[in-house]
Amino acid sequence: MATKRNGEKYLGHELHVPLSQDGQVTAYVWPVRALNVRGSWCGGPTIGVDVGNEEIIRFDCHDQPGHWHGGGYDKSGSPGASHRDFPRDIVAVADQVDWSLQQLSERTGELLTEAEHGEAAESLDAEMLDTAIGLIRSHLEQQGDLRGQAISAGIIDA
């Protein structure tokens with residue numbers, strides 16, 4: 001299950017949605033996850049995929065230094081071991097969210113297989129995945145500009 005770490009701050013309501021009929025593969029979104037990176041607070045939406053109680057894929061849409069984690073986030077032993085940069089031209093939070101949801105739409109099975117979760121990849125339900133992506137997008141819109149509020153409140157450095 002997606003791990004909340006000590007010292008991080010969360011704004012908004014998280015959402016979990018199933019991606020497989022048995023409910024073992026799920027997607028989630030935290031509207032704002034704020035964390036301290038090298039003395040500066042950054043944050044924004046975090047989107048991911050869990051298999052059972054293990055977090056496998058994670059997209060940290062935090063502007064600069066936004067990034068994502070593949071290859072099995074929880075099994076990597078540390079966040080840095082699974083770290084991957086967004087493409088160079090994907091910088092703004094909205095663009096990172098769009099890119100992340102596109103990756104989920106097109107590559108969830110591939111990313112699960114890469115992380116040695118082939119059975120989970122085979123259990124993905126394409127209709128449930130499409131529905132989940134729409135629900136995540138809608139949920140973020142309904143939550144409003146929580147990142148902007150976090151910047152105004154001094155939770156995230158601008």
Side-chain angles (χ1 to χ4, degrees), residues 1-19 25-51 53-112 114-115 124 128-158:
M1 177 159 244
T3 307
K4 291 185 176 183
R5 302 194 186 284
N6 289 336
E8 295 179 346
K9 300 172 185 171
Y10 299 84
L11 285 78
H13 299 286
E14 65 186 278
L15 173 72
H16 289 264
V17 290
L19 301 179
V25 184
T26 60
Y28 71 85
V29 62
W30 291 319
V32 170
R33 178 176 154 261
L35 61 152
N36 193 308
V37 176
R38 295 180 216 101
S40 179
W41 282 91
C42 65
T46 293
I47 302 166
V49 174
D50 295 334
V51 175
N53 289 324
E54 185 179 353
E55 188 172 13
I56 307 301
I57 306 164
R58 180 180 200 149
F59 297 93
D60 293 318
C61 306
H62 297 167
D63 193 65
Q64 300 262 346
H67 58 275
W68 66 288
H69 300 270
Y73 180 79
D74 277 349
K75 79 174 187 180
S76 69
S78 75
S82 62
H83 178 97
R84 299 177 184 186
D85 292 327
F86 283 116
R88 211 177 290 218
D89 60 332
I90 307 294
V91 179
V93 170
D95 294 338
Q96 292 173 350
V97 168
D98 288 342
W99 187 87
S100 299
L101 293 176
Q102 179 182 359
Q103 296 307 298
L104 289 179
S105 176
E106 297 173 1
R107 298 184 57 216
T108 298
E110 172 189 335
L111 293 169
L112 289 171
E114 174 193 334
L124 283 174
M128 292 176 87
L129 178 60
D130 287 344
T131 298
I133 290 168
L135 288 170
I136 289 169
R137 190 177 301 283
S138 176
H139 184 72
L140 287 171
E141 289 171 7
Q142 290 172 1
Q143 293 291 292
D145 184 19
L146 293 176
R147 185 173 189 279
Q149 292 174 29
I151 290 169
S152 293
I155 296 169
I156 297 173
D157 299 329

Quick one: pull up CG in Leu129 and OG1 in Thr108 and give me the separation to the nearest 0.5 Å. 5.0 Å
Listed pairs under 3.5 Å, donor-acceptor, residues 149-158 side chains, sequence neighbours left out:
residue : atom : partner : partner atom : Å
Ser152  : OG   : Gly148  : O            : 3.2
Asp157  : OD2  : Ser40   : OG           : 3.1
Asp157  : OD2  : Trp41   : N            : 2.8

Against Tyr28, only a single residue in Thr46, Val49, Leu15 fulfils side-chain contact (heavy atoms from CB on, under 4.5 Å); can you say which? Thr46
Excluding sequence neighbours, so at least two apart, what forms salt bridge (charged side-chain N to carboxylate O under 4.0 Å, His left out) with Asp130? none
Atom CD1 in Ile90, atom CG in Asp95: separation rounded to 0.5 Å? 5.5 Å
Short question: side chain of Gln143, backbone of His13 - any donor-acceptor pair under 3.5 Å? yes
Quick one: do Glu114 and Leu112 satisfy side chain to side chain contact (heavy atoms under 4.5 Å, CB included)? Show the steps, please. CA-CA 5 Å; Glu114 174 193 334; Leu112 289 171; over 6 Å; no
Of all the heavy-atom pairs spanning Ala115 and Gly71, show the shortest one and how long it is. CB-C, 3.5 Å
With rounding to the nearest 0.5 angstrom, report the CD to CD distance, Gln103 to Gln96. 12.5 Å
Which label fits Phe59 and Trp68: parallel for a plane angle under 30°, tilted from 30 to 60°, or perpendicular past 60°? parallel
Smallest separation among heavy atoms of Cys61 and Ser100, with atom names: SG-OG, 3.6 Å
When rounded to the nearest 0.5 angstrom, what distance separates CE in Met128 from CD1 in Ile133? 12.5 Å
Measure the spacing between CG of Leu140 and CH2 of Trp30 and express it to the nearest 0.5 Å. 13.5 Å
